[in-house]
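Single-structure report; data block below.
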Amino acid sequence: MDYPIIDKPVPAGGWNLADYAAARRDFDWQQACRLLDGRPGGINIGCVATDRHVRAGRGAVAALRWLGKDGTVRELSYGELAAASDRFAAALQAAGIAPGERVAVLAGRIPELYVAALGTLKAGAVFCPLFSAFGPEPVYTRLSRSEARVLVTTATLYARKVQANRARLPALTQVVLAAGEAPDTLGWQAFLDAAREPLRPVSTGAEDAALLHYTSGTTGAPKGALHVHGAVLAHAWSGHAVLDLRPGDVYWCTADPGWVTGMSYGLVAPLVLGATLVVDEAEFDAGRWYDILERERVNVWYTAPTAIRMLMKYGAEPLAGRGFPALRLLASVGEPLNPEAVVWAERHLGRPFHDTWWQTETGAIMVANYGAQAVRLGSMGRPLPGVEVAIVRRRRDGGLDFLADGEEGEIAIRAGWPSMFRGYLDEAERYAACFAEGWYLAGDLAVRDADGYFWFVGRNDDVIKTAGHLIGPFEVENVLMEHAAVAEAGVIGKPDPYAGEVIKAFVALKPGHVADDALRKALIGLARARLGPAVAPRELDFLPELPRTRSGKILRRLLKARELGLPEGDLSTLETDSDSARS
Ligand code: 6R9
């Protein structure tokens, strides 16, 4: 391989503390970045993920193995993926899409999504994935705020989630349908055929924008976290050091590319490292999942705690008569990984789950139980070499206090790692509020033990994690507020044994409206139609009024404490917390 840094294998016996400290001290991201593709200054994720393999004679290796819902299997080699993404990039150029402009995809896990992502990157445009289970409202907000010029979707999703808002999306000049037909759109093949010239290579540098991921905060609209081409170094490094991905490995990541995990590790890292990426189009199904692990001989599997808990729920029965000798490494991300899940996996799949912690903003894994270091049950692991993590408390003057081992505080990462987000699109202040004294503040609370392992405590804000997906309460409250009967709405995450949290709404009504079951159903129905079932509240209670801070913000934490029967806590801190800079 042509990566001097990641060519170093994980030391036999794993990273001990001394190796780890040395590797971190000696690690030079800038140097590594320059080495990544040989050309000074130039780097493009799409090219590193495909063309590099073709140049190295690995064009015939399977890059993508797609398992359709209906049993269809489609395989694309690295050579085919390189050619198909070139073609898509050329079509973007023919359509007049300039480098830096946004191309969005709203689709399930279909091969065209992967081709479009890589092609967009090759054309120097910015790829913006949208979760296909989002309803029309979140889709509109994201398309509109990103000023996407091109949208790749299917006729069904277009009709349900985009068409009605098309006139309100002036920047959107081209809708390309990977399946089906609709007025004012182009078919996939017709779009590709419009490119009469081959791709004119675009030179992108490490600091050029590549990916735009929308993520949720406590207040305001979703934030567009912008990532650059140089991030690929962190994807490659973490894919190697944490996921132990090797060329020719069969790798399966169950995350949807509509979320950051599905891009960083469901597309970029495995392709950059020359693995064969298994993509399953279908939704969770225990029997199907075990079939995939067994039949496809998956070597490395990356999934989420919710999925593991669902598998555990089905028990040992669907496992009877199966074996997974090919499985080498299991990893998990997105929510706290409960120790039972690790133990269960070791017993039933033959390997423990390795936890990994990171965020949309960090772009790549920051903390993990990686290499052969012992998995500490309940701990997220240790920072990767090249990543410096501290536990801090923000002072009132904006400075940071660095806390000792064993003390609970906010996770902070020293700014400057390659996959660090480079901005929230058009929101410089919101971006700046995430940093202090050269450190990025993650908004998560944790404790570090004396051996350098990090233990997750909780979020420092009101965002909700449901089935591994980050949901902003504000987006949900806004839709409920649109109903004529609603005076105010507050939304919280309510603990759930499988999904981690489910969304629960509290609503106060305007005078003259009756809080009954019909209205409850109507409100949940409205939210499902506008937001999509993944984002809509599962439960809804009526209250005479909602608790507020002195500055008028809804005290979601108090709603949560009451819901869970917990002490209501120190209200003065609740008030200052919900007024904090980061949102
Ligand atoms: C990759 C991703 C980020 C938030 C993060 C934290 C939670 C992620 C976790 C975890 C406990 C882990 N989270 N990994 N919590 N243990 N191993 O999920 O990105 O959607 O931006 O969510 O997810 O709260 O801050 P994103």
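Predicted model, so just to flag it, every value in this text is computed and none were measured. Start at 1 and go down the list; that is how both ligands and their atoms are numbered. Computed over heavy atoms, backbone and side chain alike; hydrogens, waters and symmetry mates excluded.
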Evaluate the criterion side-chain hydrogen bond (donor to acceptor under 3.5 Å, both in side chains) for residue pair Ser238 and Tyr370; output intermediate values, then yes/no.
CA-CA 9 Å; Ser238 55; Tyr370 60 93; over 6 Å; no

In terms of ring plane angle, is the pair Trp301 and Phe353 parallel, tilted or perpendicular, where the classes change at 30° and 60°?
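Rings of Trp301 and Phe353: tilted, 30 to 60°.
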
Which label fits Phe421 and Phe435: parallel for a plane angle under 30°, tilted from 30 to 60°, or perpendicular past 60°?
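If you compare the ring of Phe421 with that of Phe435, the planes turn out parallel.
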
Looking at ligand 1, is there an atom of it that comes within less than 4.0 Å of some heavy atom belonging to [X]?
X	answer
Thr261	yes
Trp259	no
Ala442	no

For ligand 1, note which part of Gln359 has a heavy atom under 4.0 Å away: side chain, backbone, both or neither.
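Under 4.0 Å from ligand 1, Gln359 contributes backbone and side-chain atoms.
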
Check Asp355 against ligand 1 and report side chain, backbone, both or neither, counting heavy atoms closer than 4.0 Å.
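Looking at Asp355 and ligand 1, just side chain atoms fall under 4.0 Å.
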
Would you mind running through ligand 1 and noting each atom that sits below 4.0 Å from a heavy atom of [X]?
X	result
Met380	16 (N)
Val260	1 (C), 19 (O)
Pro336	11 (C), 15 (N), 16 (N)

Will you find, in the side chains of [X] and [Y], an N or O donor that is under 3.5 Å from an N or O acceptor?
X	Y	value
Ser146	Tyr214	no
Asp280	Trp252	no
Thr306	Glu335	yes

At what distance is the nearest protein heavy atom to [atom], and which residue and atom is it?
atom	result
atom 12 (C) of ligand 1	Glu335 O, 3.4 Å
atom 3 (C) of ligand 1	Trp358 O, 3.7 Å
atom 23 (O) of ligand 1	Lys465 NZ, 3.0 Å
atom 6 (C) of ligand 1	Asp444 OD2, 2.9 Å

Among Leu470, Thr215, Thr360, whose heavy atom sits nearest atom 19 (O) of ligand 1?
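Selected option, by shortest heavy-atom distance: Thr360.
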
Are Arg65 and Val250 close enough, and set up right, to give a side chain to side chain contact (heavy atoms under 4.5 Å, CB included), and what steps lead you there?
CA-CA 9 Å; Arg65 199 170 149 76; Val250 177; over 6 Å; no

So is Arg142 actually on top of Phe134's ring, under 6.0 Å and inside 45° of the axis?
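The answer is yes; both the distance and angle limits are met.
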
Ligand 1 and [X], any nitrogen or oxygen pair closer than 3.5 angstrom?
X	answer
Thr356	yes
Gly334	yes
Ser332	no
Arg459	yes

About how many Å separate OG1 of Thr215 and CD of Glu361, when rounded to the nearest 0.5 Å?
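So the CD of Glu361 and the OG1 of Thr215 are separated by 5.0 Å.
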
Can you tell me how far the CG atom of Leu445 sits from the CZ atom of Arg393, to the nearest 0.5 Å?
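Answer rounded to 0.5 Å: 10.0 Å.
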
Is any NZ, NE, NH1 or NH2 atom of the basic residue among Glu437 and Arg414 found under 4.0 Å from an Asp or Glu carboxylate oxygen of the other?
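Result for this pair is no, no salt bridge flagged.
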
